[in-house]
Number of protein chains: 2
Amino acid sequence: MAADPGQALFPSRGHDHAACVAGALERAAGICARRGARLTPIRRRVLELVWASHAPIGAYDILARMEPESRRSAPATVYRALDFLMAHGFVHRLSSVNAYVGCGFPDNPHMAQFLICKECGAVAEMDEPRIEQAIGSAAAQAGFAVESPVVEVRGRCPACRKEGAPDARP
Amino acid sequence: MAADPGQALFPSRGHDHAACVAGALERAAGICARRGARLTPIRRRVLELVWASHAPIGAYDILARMEPESRRSAPATVYRALDFLMAHGFVHRLSSVNAYVGCGFPDNPHMAQFLICKECGAVAEMDEPRIEQAIGSAAAQAGFAVESPVVEVRGRCPACRKEGAPDARP
DNA sequence: TTCATTATGATATAATGTATCATCTCCGGC
DNA sequence: GCCGGAGATGATACATTATATCATAATGAA
Ligand SMILES: [Zn+2]
Ligand SMILES: [Zn+2]
Ligand SMILES: [Zn+2]
Ligand SMILES: [Zn+2]
């Protein structure tokens with residue numbers, strides 16, 4: 001599942017999503033074990049909920065899905081879990097939509113770029129050296145030291161383009 | 001002042017900022033006149049406040065600076081003015097910091113990229129074809145139709161690098 | 001003028017994210 | 001097994017950012 005980061009891929013619509021989520025949880029558990037980090041039930045549950053939707057999901061949507069039966073969690077509970085998951089590279093925050101997505105390549109740290117479908121919400125994560133290079137060299141020309149680039153591209157995913165109206169002509 | 005968009009520039013620290021703001025207001029007024037758009041006192045004032053700080057400024061900071069003496073404006077007042085100013089390309093929203101900056105090249109629509117100094121807040125706006133191309137070709141490979149890319153790079157500006165500690169080594 | 005359009009006032013509320021302190025749980029050392 | 005500290009969670013309150021709605025005012029064209 002640690003696919004080639006050079007090629008952005010949208011999850012195919014009919015894929016086995018249960019297995020996809022299970023795989024992500026398993027990988028996270030393995031990485032935490034190796035790092036001595038604690039993937040507690042809450043953190044695990046938040047990660048599961050983030051993966052359960054391939055579309056970005058908001059913190060309060062996560063909260064709303066968190067065991068209404070058991071004792072109610074507070075926002076901070078979710079944000080703390082998300083902080084942990086982000087620190088370990090299991091999820092990314094998409095600041096252009098105030099929402100979170102599972103990371104497809106959690107094994108080593110990276111600066112990702114995202115394609116976000118405005119219709120179905122699907123997200124593809126890329127790690128394109130050419131984009132990083134272009135940003136890096138432009139920044140260097142300006143004398144700017146890059147620390148963390150945010151690249152989030154809004155548009156239409158392949159599936160939505162096939163189904164719907166033609167792309168808007170600006 | 002309509003400098004070469006190919007070269008990102010941070011405003012020099014000692015520049016004549018009053019003239020810089022005045023110029024932006026004048027250009028906006030001219031563009032509105034040509035377009036038949038109404039640069040009302042409120043919109044003009046919001047644009048002035050956005051330009052008054054070269055760093056990104058939040059909507060509520062704008063609100064707080066808006067004539068405390070006169071009748072108090074509400075958040076919606078500021079957001080409506082910002083919507084107008086963004087629609088006409090006079091300001092950009094930086095979604096990674098929930099704040100707004102004046103646009104250096106309002107004359108024709110463009111998709112900008114931003115360098116944001118984490119220390120002093122200074123922002124440089126770029127319009128780098130190489131970045132757009134890199135994003136465009138990666139998106140095309142994924143079958144994705146780009147609509148509006150968000151590129152906001154956090155880091156350290158030249159002035160802060162000269163003054164302070166050396167860049168962090170990650 | 002009259003009327004339609006656009007802009008603003010006013011009020012309420014939604015959505016997102018933090019701060020603080022008490023309590024609990026886990027785990028290593030004894 | 002017990003103890004003690006570190007880390008994790010509970011609980012409550014609050015901060016920040018943004019939108020909805022309806023009434024009123026200003027503008028500009030017929
Ligand atoms: Zn990732
Ligand atoms: Zn789609
Ligand atoms: Zn611009
Ligand atoms: Zn700086």
Side-chain angles (χ1 to χ4, degrees), chain A residues 28-29 32-33 35-50 53 55-88 90-101 121 150 152, chain B residues 28-29 32-47 49-50 53 55-88 90-101 121 150 152:
Chain A
C32 282
R35 290 182 188 164
R38 294 161 61 182
L39 187 61
T40 65
I42 286 184
R43 292 166 174 175
R44 185 185 171 86
R45 177 71 175 130
V46 169
L47 180 57
E48 182 180 16
L49 288 167
V50 168
S53 110
I57 184 173
Y60 280 75
D61 289 338
I62 294 170
L63 180 59
R65 287 166 171 72
M66 287 211 26
E67 339 303 344
E69 59 275 9
S70 108
R71 213 149 50 278
R72 181 157 183 65
S73 297
T77 306
V78 171
Y79 282 104
R80 283 189 289 223
L82 288 170
D83 286 344
F84 170 88
L85 295 170
M86 286 190 289
H88 285 276
F90 302 141
V91 310
H92 294 284
R93 174 180 150 85
L94 301 182
S95 61
S96 67
V97 292
N98 294 331
Y100 305 81
V101 288
V150 171
E152 300 173 13
Chain B
C32 282
R34 285 200 289 286
R35 289 182 189 164
R38 292 160 60 184
L39 187 62
T40 65
I42 286 183
R43 292 166 175 173
R44 185 185 170 86
R45 177 72 174 131
V46 169
L47 180 57
L49 287 168
V50 168
S53 110
I57 184 174
Y60 279 74
D61 288 339
I62 294 170
L63 181 57
R65 288 167 170 72
M66 284 203 40
E67 339 302 343
E69 59 276 8
S70 106
R71 210 152 48 280
R72 178 160 183 66
S73 297
T77 306
V78 171
Y79 282 105
R80 283 189 291 226
L82 288 170
D83 286 344
F84 171 88
L85 296 170
M86 285 190 289
H88 285 277
F90 302 140
V91 310
H92 294 284
R93 175 181 149 83
L94 301 182
S95 60
S96 67
V97 291
N98 295 329
Y100 304 82
V101 287
V150 170
E152 299 173 13

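Excluded from the calculations below are hydrogen atoms, water molecules and symmetry mates; all remaining heavy atoms, backbone and side chain alike, are included. Quick caveat: nothing in here was measured; it's all calculated off a predicted structure.
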*Could I get the full list of ring pair (Phe, Tyr, Trp, His ring centres under 6.0 Å) partners for Phe84(A), not counting sequence neighbours?*
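Phe84(A) satisfies ring pair (Phe, Tyr, Trp, His ring centres under 6.0 Å) with His88(A) once adjacent residues are dropped.
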*Go through the structure and list residues passing side-chain contact (heavy atoms from CB on, under 4.5 Å) with Ala76(B), not counting sequence neighbours.*
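For Ala76(B), the residues satisfying side-chain contact (heavy atoms from CB on, under 4.5 Å) (neighbours in sequence not counted) are Arg80(B).
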*Partners of Arg45(A) by side chain to side chain donor-acceptor pair (under 3.5 Å), sequence neighbours excluded?*
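With sequence neighbours excluded, Arg45(A) shows a side chain to side chain donor-acceptor pair (under 3.5 Å) to Glu48(A), Glu67(A), given in chain and number order.
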*Of all residues at least two apart in sequence or in a different chain, which pass the side chain to side chain donor-acceptor pair (under 3.5 Å) check with Ser53(B)?*
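Testing Ser53(B) for side chain to side chain donor-acceptor pair (under 3.5 Å), a comparison that skips the adjacent residues, returns none.
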*Got a sec, which residues hit salt bridge (Lys or Arg N to Asp or Glu O under 4.0 Å) with Arg93(B), two or more places apart in sequence or on another chain?*
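Checked Arg93(B) against salt bridge (Lys or Arg N to Asp or Glu O under 4.0 Å); zero matches.
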*Under 3.5 Å, is there a donor-acceptor pair between the side chain of Glu152(B) and the main chain of Ser96(B)?*
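Yes: the side chain of Glu152(B) pairs with the backbone of Ser96(B).
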Acceptor/donor pairs from residues 55-65 of chain A side chains to any protein atom, 3.5 angstrom cut, sequence neighbours excluded:
unit_1   : atom_1 : unit_2   : atom_2 : d
Arg65(A) : NH1    : Asp61(A) : O      : 3.2

_Reading DNA chain C in the 5' to 3' direction, which nucleotide is the first one with an atom under 4.0 Å from a heavy atom of chain A, and which is the last?_
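From 5' to 3', the first and last contacting nucleotides are dT16(C) to dC26(C).
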*asked:* Can you build the contact string for nucleotides 15-30 of chain D? Use B for base contact, S for sugar-phosphate-only contact, and - for no protein heavy atom under 4.0 Å.
replied: --BBBB------S---
